[in-house]
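So you know, we letter chains A, B, ... as the sequences are listed, proteins then strands, and number each from 1.
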There are 2 protein chains.
Amino acid sequence: MARLVDVIEDMIKEMIDENDGIATINRSQLASQANCVPSQITYVLSTRFSSGQGYIVESRRGGGGQITVTRVEFVNKFEYLKEMIDAIGNAVTQQQAKNLLEGAVTSGAITHRDGEIIMSAVSDRALGLVESDIRSKVRAQIMKNLLLALISE
Amino acid sequence: MARLVDVIEDMIKEMIDENDGIATINRSQLASQANCVPSQITYVLSTRFSSGQGYIVESRRGGGGQITVTRVEFVNKFEYLKEMIDAIGNAVTQQQAKNLLEGAVTSGAITHRDGEIIMSAVSDRALGLVESDIRSKVRAQIMKNLLLALISE
DNA sequence: TAACTTTGACTTTCTTTGACAATTAGATTA
DNA sequence: TAATCTAATTGTCAAAGAAAGTCAAAGTTA
């Protein structure tokens, strides 16, 4: 008996394949197709389509709301950024972030300007409102999303 | 089933495009064209055509009353970003952020690419670990820092 | 037993609708 | 002429509706 997560994962991947790398999902509709509760879809998205796995997930609530899942292709050019995303893992301090970014700039993987921009988003100043015990995790999350955005243009 | 807001938003933008940057709207007439109640037009104007998004909305009630929507001609980047930072205030939802960024891209204050990058840093996904009651505040903080980084290049 | 999955009640966000208020131009009246 | 009425407009606000998100408890599996 195939697990529900796997079934749903496959359904979404198929949608992505059939649509040039982008799936547009109606959560409750997909849930009823898969015969499960809507929050199961959310679970699959967060465990199988994370930024570390190379996917960008966006959504909006309310009437006409929807979820889009974009697969990011890691072509050679972006190998470095992929490594970087791995290196970030699930937490980075401000200093580590800075070091990683400097390395990326030096190696030519990103421009100086992009490095500055990213740093401004993950600085302690920008994240001042985030409780310090989770700040490094939030920073990691943001940084991975930013890097994927750079890759996916 | 396109969202009504989007349909109306497009109608207004088309009017603006066709009239040298200024749309003159009769609210109830536009409402019946779009097959909705008049207050829907007001809603679209306030969520999609705010000053932070690069538009000036003026109106007059009474007989012969009307609404004019003017797209702000690009003055200078600095001014625009300042407006935007004001509009952000100390909290923004994901959708508001998106709308603001789209306005900035349209008016040429930031590039499409930068818009995408900023959005990726302030998306609900990126901020998923932040407790939801302060997420909008954290988003505002990050977004303002990013815009400041753009200003100070 | 520890990690992962499944479920569902509850929350948050965004949209749509409608009743009612405020404003204005122009017509009518005193 | 000045005051008043009337019809034509937009503005406001809260309730209802339509998604997706959260979280913790219960169930499964390795």
Q66(A) CD to dG21(D) C1', straight-line distance once rounded to whole Å: 16 Å
How many Å lie between OH on Y43(A) and C1' on dA26(D), as a whole number? 14 Å
Contact class for Q40(A) (heavy atom, under 4.0 Å): base, sugar-phosphate, or nothing? base
Using a heavy-atom cut-off of 4.0 Å across all strands, would you classify S28(B) as base, sugar-phosphate, or nothing? sugar-phosphate
Separation between CG of L100(B) and CD of Q95(B), rounded to the nearest 0.5 Å: 10.5 Å
Using a cut-off of less than 4.0 Å, is there contact between a side-chain N or O of S59(B) and OP1 or OP2 of dG11(D)? yes
Using a heavy-atom cut-off of 4.0 Å across all strands, would you classify V5(A) as base, sugar-phosphate, or nothing? sugar-phosphate
Value in whole Å for how far the P atom of dT29(D) lies from CG of D6(A): 12 Å
Comparing I25(A) with E131(B), nearest DNA chain D nucleotide closer to 5' gives the residue I25(A)
Which heavy atom of G52(B) sits nearest to which heavy atom of Y80(B), and what is that distance? O-OH, 3.5 Å
Taking any heavy-atom pair under 4.0 Å as a contact, classify L30(A): base, sugar-phosphate, or nothing. nothing
Check every strand shown and say whether G63(A) touches a base, only sugar-phosphate, or nothing at a heavy-atom separation below 4.0 Å. base
Would you indicate what N26(B) reaches in the nucleic acid, counting non-hydrogen atoms under 4.0 angstrom: base, sugar-phosphate, or nothing? sugar-phosphate
Checking all strands, does R139(B) fall into the base, sugar-phosphate, or nothing category for heavy-atom contacts under 4.0 angstrom? nothing
Less than 4.0 angstrom between a side-chain N/O of S132(B) and OP1 or OP2 of dT22(D), yes or no? no
Taking only N and O in the side chain of R48(A), is any of them less than 4.0 Å away from OP1 or OP2 of dC4(C)? no
From CG of L45(B) across to P of dT9(D) the rounded distance in Å is 17 Å
Among the nucleotides dC14(C), dT10(D), dT24(C), which one has an atom lying closest to any side-chain atom of R60(B)? dT24(C)
Against the side chain of T42(A), the closest entry in dC14(C), dT6(C), dT22(D) is dT22(D)
For a quick test of reading the model: is some side-chain N or O of R3(A) closer than 4.0 Å to OP1 or OP2 of dT5(C)? yes
Report yes if a donor N or O on one partner sits less than 3.5 Å from an acceptor N or O on the other, where the partners are the side chain of R61(A) and the base of dT12(C); otherwise report no. yes
Expressed in angstrom and rounded to an integer, what is the separation of D124(B) atom CG from dT11(C) atom P? 19 Å
Selected nucleotide, minimal atom distance to L4(B) side chain, candidates dT13(C), dT22(D), dT16(C): dT16(C)
Nucleotide dC14(C), atom P - distance to CD of E9(B) in whole Å: 14 Å
Of G62(B) and N99(B), the one whose closest DNA chain C nucleotide lies more 5': N99(B)
Answer yes or no: does atom CG of D20(B) have more than 12 heavy-atom neighbours from other residues, nucleotides or ligands under 6.0 Å? no
Check this for me: E131(B), atom CD, are more than 12 non-hydrogen atoms of other residues, nucleotides or ligands nearer than 6.0 Å? no
Return no unless some side-chain N or O of R27(B) is found under 4.0 Å from OP1 or OP2 of dT23(C). no
Which part of the nucleic acid does I67(B) contact within heavy-atom distance under 4.0 Å: base, sugar-phosphate only, or nothing? sugar-phosphate
Looking only at side-chain atoms of S39(A), point me to the closest of dT7(C), dG11(D), dT12(C). dT7(C)
Take atom CZ of R125(A) as the centre, draw a 6.0 Å sphere, and report whether it contains more than 12 heavy atoms from other residues, nucleotides or ligands. no
How many whole angstroms separate atom CD1 of I41(A) from atom P of dT5(C)? 14 Å
Please name the pair of heavy atoms, one in S107(A) and one in A104(A), separated by the smallest distance, quoted to 0.1 Å. OG-O, 3.1 Å
Please check if atom NZ in K77(B) has more than 12 non-hydrogen atoms from other residues, nucleotides or ligands closer than 6.0 Å. yes
Atom-to-atom span, CD1 of I8(A) to C1' of dT7(C) - whole angstrom: 12 Å
